[in-house]
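Values reported hereafter were calculated over all heavy atoms of this structure, with side chains retained and with hydrogens, waters and symmetry mates removed. In this text, all values refer to a predicted model and were calculated from it rather than measured experimentally.
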Amino acid sequence: MSLAPRAVLVHRTTEYEELVARHGTHGQAAFFLRSRGGDIEEVAERHRRSRRSMAEVTAAIPLTWRQTQVERADLDRFLFAPEDVVVVVGQDGLVANVAKYLTGQPVLGVDTDPGRNPGVLVRHRPGDMAGLLPAVLSRGTGADELTMVEAVADDTQRLVALNEIYLGAPGHQTVRYRLGLDDDRGAVEAQASSGVLVGTGTGASGWLRSVWQERGGTLPLPRPTDDRLLWFVREAWPSPVTGTTLVAGELAVGSGLRLTVESERLVAFGDGMERDALQLTWGQTVRVGVCDQRLRLAG
C-alpha cells in the first residue's frame with residue numbers, strides 16, 4: 001500500500017522573531033529599533049502576515065495527506081521523501097535554499113509579502129493552495145524544470161545550487177588558484193582574484209545579474225530552464241605570475257570549469273549559504289558545471 005502524499009511546509013524565522021529572541025521582549029526590541037530610526041510595527045506586521053499565510057496554507061492541505069513543517073536552519077538535517085510535496089512559504093530565496101536537498105519532488109512557492117518579494121520563485125498566494133495542492137500530483141500538471149549548478153571536488157565533496165556557486169576565500173579576500181576549461185586542451189591560467197561566480201538562469205535575477213551588468217552585459221543571460229551557465233572571475237589581479245585572460249564565459253551541458261587551489265583555504269558555497277560550504281586546500285581541484293538534477297517548480 002502506497003503512502004499518502006506528505007506536504008512539507010518550509011519556512012524561516014521572521015525578522016520580528018529574531019529581534020525578540022535577541023532582545024528578550026517586544027518592548028526591548030521596539031526600543032532598539034526606535035533608537036535607530038526604525039519602527040517595530042512594520043516588522044511585526046510582516047511577521048503577522050507570514051503567520052497568517054502559514055495558517056492558511058496549513059488549512060488548505062487535503063485531510064488525507066500527511067504534513068510536517070521544517071525551518072530553514074534545519075534543512076540540512078531534514079530527510080525529504082519521494083512522495084513529498086514541498087510548499088515554500090516566504091521569500092524567493094527560501095526556494096533556492098531548499099532546492100539542493102530535493103530529488104525531483106514538486107515545489108510550490110507561496111509569497112507571504114506580495115510587492116516586497118520579486119515573486120520569481122514564490123509565484124502563488126496562500127489562497128491558491130486549496131486548488132493547487134490536489135492538482136500538483138496529477139499527470140500533466142505544469143512544472144518548470146529549473147537548471148541547477150554543481151561543484152564536485154576531487155575528494156568527492158559535492159555541492160548543488162539553484163542560483164549560483166561562489167568559489168573563493170572566506171571573507172571574499174584575494175585567493176590564488178589555477179583556472180581552466182574542460183574543452184581547452186589542458187590550458188590553464190594562474191589567477192589571483194576575489195573569487196569565481198558560476199550561475200544559472202534563475203540566478204540571473206540576482207547576484208549573477210549584478211556582475212553581468214558590471215561587465216557590460218555582452219554575454220546573453222540564460223533563462224531559468226536553459227541548460228547553460230555563465231561564469232565570471234571577480235576582480236582578477238594582473239601580475240608577473242597571474243593573468244586576467246580567462247575572466248568570463250558560458251558552460252553548456254557536459255562542459256566544466258576546473259579550479260585548482262593554490263591557497264591555504266578556499267570555500268565553495270551555493271545560494272548564499274556560507275555555513276554549508278565545501279572546504280578546499282592546497283592542490284585540490286573542483287569542477288563546476290551544469291547539474292543533472294533539476295528543480296520542479298510547479299505553477
Side-chain angles (χ1 to χ4, degrees), residues 1-14 45-75 78-148 160-163 200-206 223-226 271 291 293-299:
M1 192 168 106
S2 60
L3 289 171
R6 181 177 68 165
V8 179
L9 274 61
V10 181
H11 63 99
R12 64 168 296 175
T13 303
T14 65
E45 177 54 30
R46 288 202 298 271
H47 167 76
R48 289 190 287 268
R49 282 200 297 267
S50 177
R51 289 298 162 256
R52 286 195 297 267
S53 297
M54 282 290 291
E56 192 170 352
V57 172
T58 300
I61 298 172
L63 294 176
T64 56
W65 287 25
R66 298 169 297 141
Q67 61 177 275
T68 189
Q69 297 183 11
V70 57
E71 209 275 333
R72 185 181 74 157
D74 298 323
L75 283 170
F78 185 83
L79 183 62
F80 288 94
E83 68 275 6
D84 287 344
V85 174
V86 181
V87 185
V88 177
V89 185
Q91 303 98 330
D92 290 303
L94 193 53
V95 177
N97 294 155
V98 75
K100 62 185 291 183
Y101 302 107
L102 303 179
T103 52
Q105 295 91 340
V107 177
L108 288 162
V110 180
D111 191 349
T112 59
D113 203 355
R116 186 178 177 87
N117 297 320
V120 175
L121 300 174
V122 287
R123 303 172 176 176
H124 306 289
R125 303 291 184 267
D128 301 334
M129 290 300 102
L132 283 172
L133 282 168
V136 76
L137 296 178
S138 303
R139 287 190 177 185
T141 299
D144 291 335
E145 301 278 340
L146 304 186
T147 299
M148 300 182 71
V160 174
L162 179 62
N163 288 328
T200 68
T202 302
S205 62
R223 292 170 298 183
T225 55
D226 287 350
D271 298 333
C291 183
Q293 184 177 328
R294 299 288 185 272
L295 177 73
R296 289 186 58 209
L297 188 65

Kindly give the heavy-atom pair with the smallest separation between Val136 and Ala298, and that separation in Å. CG2-CB, 3.6 Å

Atom of Gly90, atom of Leu94 and distance for their closest heavy-atom approach: CA-CD2, 4.4 Å

I want to check something: taking the side chain as every heavy atom from C-beta on, are [X] and [Y] in contact at a cut-off of under 4.5 Å?
X: Val86; Y: Leu108; answer: no
X: Val98; Y: Leu162; answer: no
X: Val89; Y: Met54; answer: yes
X: Val110; Y: Arg125; answer: no
X: His124; Y: Asp111; answer: no
X: Val122; Y: Gln91; answer: no
X: Gln69; Y: His11; answer: yes
X: Val85; Y: Val8; answer: no

In sequence, state the C-alpha distance, the side-chain angles, and the governing distance for Val88 and Leu121, and then conclude on side-chain contact (heavy atoms from CB on, under 4.5 Å). CA-CA 9 Å; Val88 177; Leu121 300 174; over 6 Å; no

side-chain contact (heavy atoms from CB on, under 4.5 Å), that's the test. Do Thr112 and Arg49 meet it? Break it down for me. CA-CA 6 Å; Thr112 59; Arg49 282 200 297 267; 5.7 Å; no

In plain terms, say whether Glu56 and Arg51 are close enough for a salt bridge, that is, a side-chain N and a carboxylate O under 4.0 Å apart. no

Give a yes or no on whether a salt bridge exists between Lys100 and Asp271, defined as a side-chain N under 4.0 angstrom from a carboxylate O. no

Test item: [X] side-chain N/O and [Y] main-chain N/O as donor-acceptor pair under 3.5 Å:
X: Glu83; Y: Ala81; value: no
X: Gln293; Y: Leu102; value: yes
X: Thr200; Y: Asn163; value: yes
X: Arg6; Y: Leu3; value: no
X: Ser50; Y: Arg46; value: no
X: Thr147; Y: Asp226; value: yes
X: Arg296; Y: Ala143; value: no

When rounded to the nearest 0.5 angstrom, what is the spacing between [atom1] in [X] and [atom2] in [Y]?
X: Leu9; Y: Ile61; atom1: CG; atom2: CD1; value: 5.0 Å
X: Asp144; Y: Leu295; atom1: CG; atom2: CG; value: 9.5 Å
X: Leu137; Y: Trp65; atom1: CG; atom2: CH2; value: 4.5 Å
X: Phe80; Y: Leu75; atom1: CZ; atom2: CG; value: 5.5 Å
X: Arg294; Y: Glu145; atom1: CZ; atom2: CD; value: 8.0 Å
X: Arg123; Y: Asp128; atom1: CZ; atom2: CG; value: 13.0 Å

Atom CZ of Arg223: over 12 foreign heavy atoms under 6.0 Å: no

Chi angles and distances behind the side-chain contact (heavy atoms from CB on, under 4.5 Å) call for Val10, Phe78: CA-CA 11 Å; Val10 181; Phe78 185 83; over 6 Å; no

Would you please say whether a donor-acceptor pair under 3.5 Å links the side chains of Glu71 and Thr13? yes

Can Asn117 and Asp92 be counted as having a side-chain donor-acceptor contact under 3.5 angstrom? no

